[in-house]
Amino acid sequence: MKALLICALLVNFAKLCNCTSTHDQVLSIPVTTKEQAAIARNISSQNETVLWSPAAPEHIRAGTEVHLFLIVTKCICFRVLLDNTEELIEMQTRNDSSDPRSSASYYERYHSLEEIYFWINEMAQDHPDMVKVLLIGSSFEKNPLYVLKLSGRQERAEKRAMWIDCGIHAREWISPAFCLWFVQYSLNFYNQNSDITEMLDSMDIYVLPVMNPDGYQYTWTTNRMWRKNRSVSQDINCIGTDLNRNFDANWCTVGASPRPCDEIYCGLFPESEPEAAAVANFLRSHKDVVKLYFSIHSYGQMLLFPYACSNEQVPNHAELVELVQEAAMKIKRHYKNNYKYGASAETIYLAPGGSDDWAYNLGILYSFTFELEDRGRYGFLLPPSLISKACNEALLAVKSVAISIPTLQVLNKP
Ligand code: ARG
Ligand code: ZN
C-alpha cells in the first residue's frame, strides 16, 4: 500500500512532466494504515501542497481520506532512480550466514545483527593475541554494544589509540560492513602491509561495528529505511532518536529537531540515548590515549571533519583539510572515484549533536566522519557486489589519515 501511495504520486508527477499547460490537481489518498498516515502527513507538509482535508496534518490517521491540492507552477520532470527496490532488498539479505566467517566472500555480503555477534565472537577466539572484546554498554532494547580492541604484538611504551564506529544510522548498511572489512583486513595484513603494521604497532584500535543495534535489526526485520535508534520517550507514536544528533555539541540547535516524529530528532537531552552515552563514556575515560576518531556513514562520498554544529572553523582546520585532501587524492588515483572533503557544515549542512564534533571538543583533534559510496545511484541500497570497492576506498582513506597524523609520526621516530 505504501508503494501504491508513492506510485500514485509518481504517476501524477509523470503527467506533469509531459504536460503542455500547467494545471493544479487534487489528489485523493485513502489512508488505511498508521504507516500510510505518516507518509501522507509528510507529503502534506511540503510547500508545493495544500492539505484540503482534514484541516491539519496531525489529524491524518488510519481511515482518513486525505485530499491534497498539488500546486503546479512549473512542469516537474523526474526519472526513476531505482526500480524494484523489493528485489534489491531481497538480494541484500540473501544467504547472510552461508559462507564461512573467514572467507573473502563473507565480507562481500551484508550480515544480520545476530550474525555480526557470532562474527565478533569468532574474531576474538581466532586471534586471541590481537583481539579483545569489550562490552561498553547496551542499547535501548538491551542489545550489547561490543567493541573490538585490536593491538599489534609489538608492545611500545607509549601506546596511542584510534576509534572507529559504524552503524550509527540503521539503514546505512555499508557502514557495519566496513567495520567488519577493516577488522578482517587488519588481522590478515598485520606484518604484511606496512601501513597496517605501522598502525597496529603504534596504536590500539577500538572498533564498534554496530553502534545502533536496535535500529539495525529493525532494518532487517521491518523497515529497511529506518535511520534512528528504537527508543520510546515522550511520544509513543513516534519512536527513535537520531544518535548523530544526541551528542553534546550545540545540542538540538538548527539542523536538529526537538520533535520525536522527525528523522533528526535530537532526543530529550544530550546523551539521553544509551547508545550515545555508552560511546561518550568510553571516549571520556580513554581521552588521554585516543588521538584519532572515525565515524562511518553513507552515502555521498565525503570525507568530513568538524564542525557540523557550527559554521566556525576549528583551530587545526588547515591541517585537517590537508589530511582528507591527501586521502581523497589517493582514492581518486586508485579507484577513479571522487570524494568531496571539508568541514561538515560547509560541505553538507549544519548538523548539531554529532559524535565527531563532540569527540573533537573532548580533545580528539583528529576527528572525522566518512560518508562512503555511493552518490545516490543506489543510496542506502548499495548492492553487495559494490561492497568491496566502497570498503577499499574507505580503508585507504583511514590508513592515509592514520599514518599521517603528527602524534604518530613523532612517536614512530626512533
Ligand atoms: N549525514 C550525517 C548526518 O546527517 C552526517 C552529517 C555531518 N554531521 C556530522 N556530525 N559530521 O548525521
Ligand atoms: Zn548517517
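Numbering of residues begins at 1 and proceeds along the displayed sequence. This is a predicted model, so every value here is computed, not measured. Both counts, for ligands and for their atoms, begin at 1 and track the order of listing.
- The residues Arg109 and Asp96 are annotated as not salt-bridged, no charged nitrogen and carboxylate oxygen being separated by less than 4.0 angstrom.
- Tested against Trp173, the residues Phe380, Trp220, Trp226 include a single ring-ring contact (aromatic ring centres under 6.0 Å, His included) partner, Trp220.
- Ser139 contributes a side-chain N or O that, together with a main-chain N or O of Asn143, makes up a donor-acceptor pair within less than 3.5 Å.
- For Cys391, the disulfide (SG to SG under 2.5 Å) criterion is met by no residue, not counting sequence neighbours.
- Closer than 4.0 angstrom to ligand 1 by heavy atom are His169, Arg227, Asn244, Arg245, Ala308, Ser344, Ile348, Tyr349, Ala351, Gly354, Asp356, Thr369, Glu371, sorted by chain and number.
- In this view, Cys309 satisfies the disulfide (SG to SG under 2.5 Å) rule with no residue, not counting sequence neighbours.
- A donor-acceptor pair is defined here as one N or O able to donate and one able to accept, closer than 3.5 Å; such a pair exists between the side chain of Lys228 and the backbone of Gly240.
- Formation of a donor-acceptor pair under 3.5 Å by the Ser367 side chain with backbone atoms of Asp356 is found in this model.
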**OP:** Could you go through the salt bridge (Lys or Arg N to Asp or Glu O under 4.0 Å) check for Glu122 and Arg101 one step at a time?
**Re:** CA-CA 8 Å; Glu122 199 158 303; Arg101 295 183 187 110; 2.8 Å; yes
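- Protein atoms that are N, O or S and lie under 2.8 Å from the Zn ion (ligand 2) are these: His169 ND1, Glu172 OE1, Glu172 OE2, His297 ND1.
- Residue-environment remark: CD (Gln192) exceeds the threshold of 12 foreign heavy atoms within 6.0 Å.
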